[in-house]
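This structure is a prediction, so every number in the text was calculated from the model and none was measured.
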Amino acid sequence: YKDYILVMLFLKYVSDMWNDHLESYRKQYGGDEARIRRRLERERFKLPRGASFYDLHANREQENIGDQINVALAQIEDANRAKLEGVFRNIDFNSEANLGKPKDRNRRLRNLLEDFAKPELDLSPSRVTEDIIGECYIYLISKFASDAGKKAGEFYTPAPVSRLLAKLAGPQPGQTICDPACGSGSLLIRAAEEVGSDNFALFGQEVNGGTWALARMNMFLHAKDAARIEWCDTLNSPALVEDDHLMKFDVVVANPPFSLDKWGAEHAGDDTFTRYWRGIPPRSKADYAFITHMIEIARRQSGRVAVIVPHGVLFRGGAEGKIRKALIEENLLDAVVGLPANLFTTTGIPVAILVFDRSREEGGANEERRDVLFIDASREFSPAKAQNVMDDTHVAKIVDTYCSRAEVEKFSHRAGPEEIAANDYNLNIPRYVDTFEPEEEIDVAAVQREIDRLEAELAEVRGRMKGYLKELGVDV
């Protein structure tokens, strides 16, 4: 019921926001309805007459309530095309497959409307800020993700990992930020928060229509209406294109699906945008297809890329090994960060973050930097019931080490190109960061003496116990 609950939260919020503004203007302009209407026309969101949550709540007992909700959402789309066109096309409140036969469906929808009508869920801006609404939306997405198992990877990246990735990418005021596999958009929002001002532009692409709709609503609820989120297949038909060329961005972040099968390798050789000139990734694993795309859309000589990958990306051979070698020899790879296992709801395996920096290219500000920073953060977590969690302390330690490019014993190491070449361009982190802890030396002779003492003491105790039992008349 993820889509139904999140859409209803959105409808309730925009209805409360509209009513809040309407009441404010009535106090300001008295009974001048024409003036009030003109003022409402300048709002960033328009709520058509009859499409409010409260209109639907009033009709909650009617047998066609599912149809009424669908009509209201369609009217909201039509009135706010620039922000919401197509957002509700994949959600059907009259679906028998999802909500049951008419009697059961109407009961569920009535309960949903009544739950959101409770006084404690008054979402008026005069009572609840946009920040709280937006975080509530992300919180609900995280809760749905915890119940969704592997399917959660389609729409959610855990908040601490999103924060870490955003901080490593380091977006600055005035920059463009893109996530080509943006899911519900939470990672993009975290990246925007790192800017520290409203001077940025957000872009995203998402292949799943339902998840794309979540991202669009997420942007609206976080007052990031101007974000351009496209519904498309990033690898086969990217939509962020200008003049037949891929758009370029200052910062590119993503948590793409791990080792996606059947991603379109058979057509990659004829790619319109010639992204795969370093080599075509294998048909069964799209990891380097996403990495290649991200690097190609990063602005030359200045763009930065931060991407979450499975560990196999660090060492697999074949076509992937060829691409990995090319990226290293181009001096694009800036850092490899190994994360703890069991951070994601989708998988228990440990993952890594790769940071690529195009300012290391010839002519870039960091063209003299030749080393790659390896960070083993596999022990930076707090164990929790369902999955491990990275807190602010863990994130800060990783970010501080990355920014200072410090070498910390058993935690980080800067490897030069010769060292990486000597390892045959294998980026497996234990090859560069030695986390071996020597075992405590054991004095075998002392242990044996202690065993002998304990056995003698035990024999003495048994002898005394046998005597006590005889005194009690117990036959032993």
Side-chain angles (χ1 to χ4, degrees), residues 2-3 5-7 9-10 84 86-91 134-166 168-169 171 177-194 202-222 224 227-240 249 251-260 263 286-287 289-291 293-294 297 305-310 339 343-347 351 353-354 387:
K2 167 179 97 276
D3 296 335
I5 291 175
L6 291 173
V7 167
L9 172 67
F10 180 86
L84 298 174
V87 166
F88 303 119
R89 74 179 70 174
N90 290 309
I91 182 78
E135 288 308 300
C136 174
Y137 187 83
I138 291 179
Y139 172 80
L140 283 175
I141 289 175
S142 74
K143 288 302 179 185
F144 284 118
S146 68
D147 292 334
K150 289 189 175 182
K151 285 185 68 65
E154 296 176 3
F155 59 85
Y156 183 68
T157 303
V161 181
S162 291
R163 286 198 299 272
L164 173 59
L165 199 72
L168 292 174
I177 307 168
C178 178
D179 182 343
C182 70
S184 59
S186 300
L187 175 54
L188 263 180
I189 288 169
R190 297 302 177 208
E193 290 171 350
E194 285 301 310
L202 299 182
F203 299 82
Q205 296 180 140
E206 171 56 39
V207 69
N208 182 294
T211 306
W212 167 83
L214 293 183
R216 291 285 298 276
M217 288 188 282
N218 205 359
M219 294 299 151
F220 184 92
L221 292 174
H222 282 85
K224 293 173 173 55
R228 180 179 169 185
I229 310 297
E230 297 287 351
W231 181 9
C232 66
D233 182 335
T234 293
L235 298 182
N236 294 287
S237 53
L240 293 175
F249 305 95
V251 172
V252 186
V253 294
N255 174 23
F258 296 161
S259 301
L260 181 68
W263 58 272
D287 302 306
F290 282 106
I291 292 170
H293 173 83
M294 294 174 72
I297 65 173
V305 172
V307 56
I308 300 170
V309 298
L339 299 184
L343 286 179
F344 291 76
T345 57
T346 53
T347 178
V351 299
I353 294 175
L354 299 182
Q387 61 193 88

ask   = Ignoring hydrogens and geometry, is there a side-chain-to-backbone donor-acceptor pair from Q205 to P238 under 3.5 Å?
value = no
Any donor-acceptor pair under 3.5 Å from Y137 side chain to M219 backbone = no
request  = Kindly give the heavy-atom pair with the smallest separation between A215 and G185, and that separation in Å.
outcome  = CB-N, 4.0 Å
ask   = Can you name the ring pair (Phe, Tyr, Trp, His ring centres under 6.0 Å) partners of F249, sequence neighbours left out?
value = F203
ask   = Which heavy atom of M294 sits nearest a heavy atom of V252, and at what distance?
value = CE-CG1, 3.7 Å
Minimum side-chain heavy-atom gap W263-D233 below 4.5 Å = no
query = Short question: side chain of E206, backbone of G183 - any donor-acceptor pair under 3.5 Å?
reply = yes
inquiry  = To the nearest 0.5 Å, what is the distance between CD1 on I189 and OG on S162?
reply    = 10.0 Å
inquiry  = Please give me the minimum heavy-atom distance between P171 and V251, naming the atom from each residue.
reply    = CA-CG2, 3.8 Å
message = To the nearest 0.5 Å, what is the distance between CD on E230 and SG on C178?
response = 10.0 Å
query = Just wondering, do P257 and F290 contact through their side chains at under 4.5 Å, heavy atoms?
reply = yes
query = Side-chain contact, heavy-atom cut-off 4.5 Å: N255 with L165?
reply = no
ask   = Do the side chain of T234 and the main chain of P180 share a donor and acceptor less than 3.5 angstrom apart?
value = yes
key: Pair L9-M217, side chain to side chain contact (heavy atoms under 4.5 Å, CB included): steps then yes or no   = CA-CA 10 Å; L9 172 67; M217 288 188 282; over 6 Å; no
task = Evaluate the side-chain proximity of L188 to I229: yes if any heavy-atom separation is below 4.5 Å, no if none is.
result = yes
ask   = Considering all heavy atoms of both residues, which atom of P256 and which atom of A181 are nearest to each other, and what is their separation?
value = CA-CB, 4.0 Å
query = Would you say the side chain of R163 lies within less than 4.5 Å of the side chain of E194, judging by non-hydrogen atoms?
reply = no
remark   = Heavy atoms of G209 and N90 approach each other most closely as C-ND2, 3.5 Å
message = I'd like to know if the side chain of Q387 and the backbone of L343 have a donor-acceptor N/O pair within less than 3.5 Å.
response = yes
query = Does the side chain to side chain contact (heavy atoms under 4.5 Å, CB included) test come out yes or no for L214 and K2, once each step is laid out?
reply = CA-CA 10 Å; L214 293 183; K2 167 179 97 276; 3.6 Å; yes
message = Counting C-beta onward and ignoring hydrogens, is there a side-chain heavy-atom pair between D287 and V309 closer than 4.5 Å?
response = no
request  = For the pair W231 (side chain) and V207 (backbone), establish whether a donor and an acceptor sit closer than 3.5 Å, ignoring hydrogens and angles.
outcome  = yes
Heavy-atom closest pair, residues N218 and G134 = OD1-O, 4.5 Å
query = Within a strict 4.5 Å, meaning less than it, do heavy atoms of the F220 and V87 side chains meet?
reply = no
message = Any heavy-atom pair between the side chains of F344 and V161 that's under 4.5 Å?
response = yes
Interatomic distance, I91 atom CD1 to D3 atom CG [nearest 0.5 angstrom] = 4.5 Å
